[in-house]
Amino acid sequence: MTAPGIRFPSLPDFPWDSLAAETATARSHPDGVVDLSVGTPVDPVPAVVAEALRAAWNSPGYPQTWGTPRLRAAAVEALERRYGAEGVVADAVLPTIGSKELVAWLPTQLGLGAGDVVAIPDLAYPTYEVGALLAGASPARVADDEPLPEGTRLVWLNSPSNPTGRVLGVEALATRVAEARRVGAVVASDECYLGLPAPGADPVSVLDPRVHGGSMDSLLAVHSLSKTSQLAGYRAGFVVGDPELVAGLLAVRKHAGMIVPRPVQEAMTAALSDDAHVAETRQRYDARRAVLRPALERAGLRIEHSEAGLYLWATADRPCRETVGWLAERGILVAPGEFYGPAGARHVRVALTASDERISAAADRCDSVAREHFPGL
């Protein structure tokens, strides 16, 4: 029996737990499942990163919560080199145990609570909402053309978007930053997919001077090496921006023991110092998108946005669970759009994180039923 007085936070069910039946159906396919439901990397860890990890294996002492000076310097240099983020200082970089834990705990670490509003996109990574609930704050879904609600203390941005792959340009980002500053809110920009822009496009960070107007006050950019460097298994990320905000987060995280292991810090330093593997990763996903997108379209799905990042945002103009089930019968597992908010009720998210062989298998299965155009939906 649970001890009297223990009350766990009231949170939504974990979305992927609800896919058990569809997962079983997809796995029963004679040629095996093509799992495109979760954006987990399947490609090898870059050699330069693996070598750094091996070299740092003998690290018996406690690592620094703040990260090594080399790591923080590498992050600053990478942000400027890759994304034009000028004026970032090394003291305003803080490594995190992947980006998800920072997303989940940021409202709490900022001291938000009852009466505070956390504004999230109308289609959003589920952990933005969970983070608000953990803090006792109120999440509010806000479309790009809607004003921030009264009481907003934290605003989440995400470009390229998970789940849609939609990209926000300089003007859209700058407009939301200016509005957040007017109401006294912190802006947290989830830039997990920033290194995977649309072909030929330049990625835009909230730390770009064209966005913030020369001041990083009230801004945080959240970065992950999971997608661009295949480091999901390492739990490697960092937050950077307003030095005062980062200093406050550092103080909290020191007490809480939220520390990135030293070998992982060395691996991060190597990853941030090398752009060649990032370019290879981008080309790999672009090639997979070029194979899968037209195949889904030939099968009767309409693809919206999806120009960048790791996902195809697709609809058969039917309830999302019906589309998930139809694809599962063909051995293709995808995520229901409802996972990301009510606005996704008629869409599915299709990840590009499968091997070239599995992506080709999914495309072949789509082509084999292209003339059906979802007759049972």
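The first residue of the sequence shown is numbered 1, and numbering continues consecutively from there.
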Backbone N/O of S161 and side chain of T164: donor-acceptor pair under 3.5 Å: no
In one Ile/Leu/Val/Met/Phe/Trp/Tyr side-chain cluster, 4.5 Å: V278, L310: no
Test item: T353 side-chain N/O and V38 main-chain N/O as donor-acceptor pair under 3.5 Å: yes
Check ion pair R181-D217 (N to O, under 4.0 angstrom): no
Nearest atoms (heavy-atom pairs only) where W57 meets R54: CD1-O, 2.8 Å
P263 backbone acceptor or donor facing E266 side chain under 3.5 Å: no
Check: L312 main-chain N/O paired with R293 side-chain donor or acceptor under 3.5 Å: no
Nearest heavy-atom neighbours spanning P336 and C320: CB-SG, 3.8 Å
Cluster overlap L102 with M258, hydrophobic side-chain contacts below 4.5 Å: no
Test side-chain hydrogen bond (donor to acceptor under 3.5 Å, both in side chains) applied to R288 and S355, step by step: CA-CA 9 Å; R288 290 170 181 166; S355 67; over 6 Å; no
Test item: side-chain donor near acceptor, T25 and E329, under 3.5 Å: no
Qualifying ring pair (Phe, Tyr, Trp, His ring centres under 6.0 Å) pairs, either residue in residues 98-122, two or more places apart: none
Residue list, side-chain contact (heavy atoms from CB on, under 4.5 Å) with A119, at least two apart or on another chain: V142, L148, T152, V155
Polar side-chain atom of S224 near backbone of S226 as donor-acceptor pair, under 3.5 Å: yes
Straight-line distance of W66 CH2 to R72 CZ, nearest 0.5 Å: 4.5 Å
Evaluation steps, salt bridge (charged side-chain N to carboxylate O under 4.0 Å, His left out), between D356 and R284: CA-CA 9 Å; D356 292 345; R284 187 181 299 124; 6.0 Å; no
Polar side-chain atom of D13 near backbone of P15 as donor-acceptor pair, under 3.5 Å: no
Partner residues of V130 under the side-chain contact (heavy atoms from CB on, under 4.5 Å) criterion, sequence neighbours left out: L11, P12, L134
Any residue meeting salt bridge (Lys or Arg N to Asp or Glu O under 4.0 Å) with D364, in chain and number order, not counting sequence neighbours: none
Distance-only side-chain donor-acceptor flag, Y83 / D202, under 3.5 Å: no
Rounded distance [0.5 Å steps], CG in D122 versus CZ in R141: 8.0 Å
ILVMFWY cluster, V252 and L154 together (side-chain gap under 4.5 Å): no
Salt-bridge criterion met for R253 and E101 (N-O under 4.0 Å): yes
Co-membership, hydrophobic cluster, residues V324 and L352, 4.5 Å side-chain: yes
Steps toward side chain to side chain contact (heavy atoms under 4.5 Å, CB included) verdict (L196, K227): CA-CA 8 Å; L196 301 172; K227 315 303 183 183; 4.2 Å; yes
Rounded distance [0.5 Å steps], OG1 in T315 versus CD1 in I303: 9.0 Å
Under the salt bridge (Lys or Arg N to Asp or Glu O under 4.0 Å) test, residues paired with D208 that sit two or more places apart: R210
Reported OG-to-CZ distance for the pair S368 and R298, which is rounded to 0.5 angstrom: 11.5 Å
Shared-cluster residues of V42, by chain and number - hydrophobic side chains joined below 4.5 Å: none
Any donor-acceptor N/O pair, R262 side chain to P60 backbone, under 3.5 Å: no
Modelled atom types, side-chain donor and acceptor of R166 and N158, under 3.5 Å: no
Side-chain donor or acceptor of T281 paired with backbone N/O of T228 under 3.5 Å: yes
Neighbour count above 12 (heavy atom, 6.0 Å) for E244 CD: no
Y193 and Y311 aromatic ring geometry - parallel, tilted or perpendicular at 30°/60° bounds: perpendicular
For the student: nearest non-hydrogen atoms of A308 and P197, plus distance: CB-C, 3.7 Å
Inter-residue atom distance L112.CG - S138.OG, 0.5 Å rounding: 10.0 Å
Salt bridge present between R182 and E179 (N-O < 4.0 angstrom): no
V206 backbone acceptor or donor facing E191 side chain under 3.5 Å: yes
R81 CZ: over 12 foreign heavy atoms closer than 6.0 Å: yes
Side-chain touch L207/S205, heavy atoms, less than 4.5 angstrom: yes
Other residues, nucleotides, ligands: >12 heavy atoms within 6.0 Å of E357 CD: yes
Aromatic contact, W313 with H305 (centres under 6.0 Å): no
Shared hydrophobic cluster for L219 and V239 (ILVMFWY, side-chain gaps under 4.5 Å): no
Criterion side chain to side chain contact (heavy atoms under 4.5 Å, CB included) on V88 and E80, from CA distance to verdict: CA-CA 8 Å; V88 181; E80 182 170 4; over 6 Å; no
Candidate list D35, V350, V34, test side-chain contact (heavy atoms from CB on, under 4.5 Å), partner L333, passing option: D35
Atom pair CD1 (I332) and OG1 (T323), whose distance is rounded to the nearest 0.5 Å: 12.0 Å
Residue pair E304 / H347, side-chain donor-acceptor N/O under 3.5 Å: yes
Donor-acceptor contact present, side-chain Q265 to main-chain T68, <3.5 Å: yes
